[in-house]
Number of protein chains: 2
Amino acid sequence: MKYSKATNYALHTMLHLVITEPEQLVSVHQLADLQKVSPTYLSKILTKLVKAGMIESTSGANGGYRLSRKNPDPSFLEIIHAIEGQASLFECSQNHNEGCLIQQVMIHAEEQMENYLSNKKMSELAAEMKAHQR
Amino acid sequence: MKYSKATNYALHTMLHLVITEPEQLVSVHQLADLQKVSPTYLSKILTKLVKAGMIESTSGANGGYRLSRKNPDPSFLEIIHAIEGQASLFECSQNHNEGCLIQQVMIHAEEQMENYLSNKKMSELAAEMKAHQR
DNA sequence: GCGTGATTACTCGGATACAAGATGTCCGAGTTTGAGCGG
DNA sequence: CCGCTCAAACTCGGACATCTTGTATCCGAGTAATCACGC
């Protein structure tokens, strides 16, 4: 099991959007060039982020994407969930009288990771990068 | 991303082996019946566990599997790694001058989960089940 | 100049192609046990 | 009763077949800005 490349693209795109001027629109073409992905594929990923309410899109000439006004600083977890889905990483699929102990352990393990990811905001990275540049 | 069914089978098999008499050999057929999997497929999974040194196999008539003498109480993490591999869940694949901040966050997040899983032993579940039976 | 229409530069969505990995099956080979059989 | 052989019950490994999912491309539709042109 691995996180998909799509998640990678989504995270990098979000980081880029957090860094740039808030109101500034960025075209999919620019974002794709930065990451060396095809624009059409990236656009599909961004559509998911739009639907999750993390970014806004403006169509037409000079259109593009920018951060959503509400929720301008999403956590890693939100982004990951928007791409990978909300389903839990482990499902027992074995119907041994409910409440599989193994499943419970796995769920709890996942929560450890999610806890960390939900507290990690994109802006933290942006700040870190700025500090490092000097 | 999701954990594979193979991991599910492996965990359940290990739990079963931990519960049964330590020296007792259990055939793949029995283990497969319990989980409603084909024996041949399960045997492939168990081979991985053997190579990881968590169980031992005895071939021939009355043969089967049992816990390894050394390492008789593996952690969840060991089992999962034996099946899923050691690779980290997230890889940046974007060669932006090393040390991708996003990657670092993801690795750290993963460590949260692995920490928990490496401290969770199969025997704990076995004890819990016994306690619950009364 | 000033509206009006055409062109251009975008996003959006569906359909489709392709690749890789997970899942599962089949079969032949090696290994041990145990039963059967002959002396 | 002893030893030999043979069949049965296993694991092991490789080679497939199949299914699902991730990755990616193509195209047509919608939308907004800008340009060109006629009045």
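All chains are named by letter (A, B, ...) in the order of the sequence lines, taking the proteins before the strands, and each is independently numbered beginning at 1. Atoms considered below: every heavy atom in the structure, side chains included; atoms not considered: hydrogens, waters and symmetry mates.
Set against D:dA32, C:dT25, D:dT23, the side chain of B:Tyr41 has C:dT25 as its closest nucleotide. When distances run from any side-chain atom of A:Ser27 to the nucleotides D:dT11, D:dA8, C:dT11, the shortest one goes to C:dT11. Listed candidates were C:dG13, D:dT11, D:dG30. Nearest to the side chain of A:Lys51 is C:dG13. Listed nucleotides: C:dG24, D:dT25, D:dA8. Nearest to the side chain of A:Thr40: D:dT25. Nearest nucleotide to the B:Lys5 side chain, out of D:dT31, C:dG24, D:dA24: C:dG24.
Counting any heavy atom pair closer than 4.0 Å across all strands shown, B:Lys44 reaches a base atom. Within 4.0 Å (heavy atoms only), A:Tyr9 reaches sugar-phosphate atoms of the nucleic acid but no base atom. Within the nucleic acid shown, A:Thr47 comes within 4.0 Å of sugar-phosphate atoms alone, with no base atom in reach, counting heavy atoms only. Backbone-only engagement by A:Ser4 is indicated by non-hydrogen atom pairs under 4.0 Å involving sugar-phosphate atoms exclusively.
Comparing A:Val37 and B:Gly63 by the nucleotide of DNA chain D that holds the closest heavy atom to each, the one mapping nearer the 5' end is B:Gly63. For the pair A:Met1 and A:His29, both in contact range of DNA chain C, the more 5′-proximal nearest nucleotide belongs to A:His29. Along DNA chain C, the nucleotide closest to A:Val50 and the one closest to A:Ala61 are compared, and the more 5′ of them pairs with A:Ala61.
The separation between A:Ile83 atom CD1 and D:dT21 atom P is 17 Å, rounded to whole Å. The distance between atom NZ of A:Lys2 and atom C1' of C:dA19, rounded to the nearest whole Å, is 17 Å. The separation between B:Tyr3 atom OH and D:dT21 atom C1' is 18 Å, rounded to whole Å. One can place CD of A:Glu84 at 13 Å from P of D:dT21, the figure rounded to the nearest angstrom. Between the CD1 atom of A:Ile45 and the C1' atom of C:dT11 there is a distance of 15 Å, rounded to whole Å. With rounding to whole Å, B:Leu46 atom CG is found 12 Å from D:dG13 atom P. In this structure, CD1 of B:Ile55 is placed 11 Å from C1' of D:dT11, rounded to the nearest angstrom. A:Leu89 has its CG atom 15 Å from the P atom of D:dT21, to the nearest Å.
Taking side-chain N and O atoms only, B:Asn62 has a distance below 4.0 Å to OP1 or OP2 of C:dG34. Listed pair B:Ser38 / C:dT25 meets the phosphate criterion, a side-chain N or O lying under 4.0 Å from OP1 or OP2. Contact between the side-chain N/O atoms of A:Tyr65 and the OP1/OP2 oxygens of C:dC12 is found at a separation under 4.0 Å.
Within a 6.0 Å radius of NZ in A:Lys121, other residues, nucleotides and ligands contribute more than 12 heavy atoms.
A:Asn8 and B:Gln103 are not linked by any side-chain donor-acceptor pair at a separation below 3.5 angstrom, with hydrogens and angles left out of the test.
B:Leu34 and B:Leu42 fall into different hydrophobic clusters, where Ile, Leu, Val, Met, Phe, Trp and Tyr are joined by side-chain heavy atoms under 4.5 Å apart, directly or via other members. Linking Ile, Leu, Val, Met, Phe, Trp and Tyr whenever their side-chain heavy atoms come within less than 4.5 Å leaves B:Leu101 and B:Ile107 in two separate clusters.
Note that CD1 of A:Ile102 is 10.5 Å distant from CE of B:Met14, once rounded to the nearest 0.5 Å.
Ion pairing between a basic and an acidic side chain is recognised when a charged N comes within 4.0 Å of a carboxylate O; A:Lys2 and B:Glu91 show such pairing.
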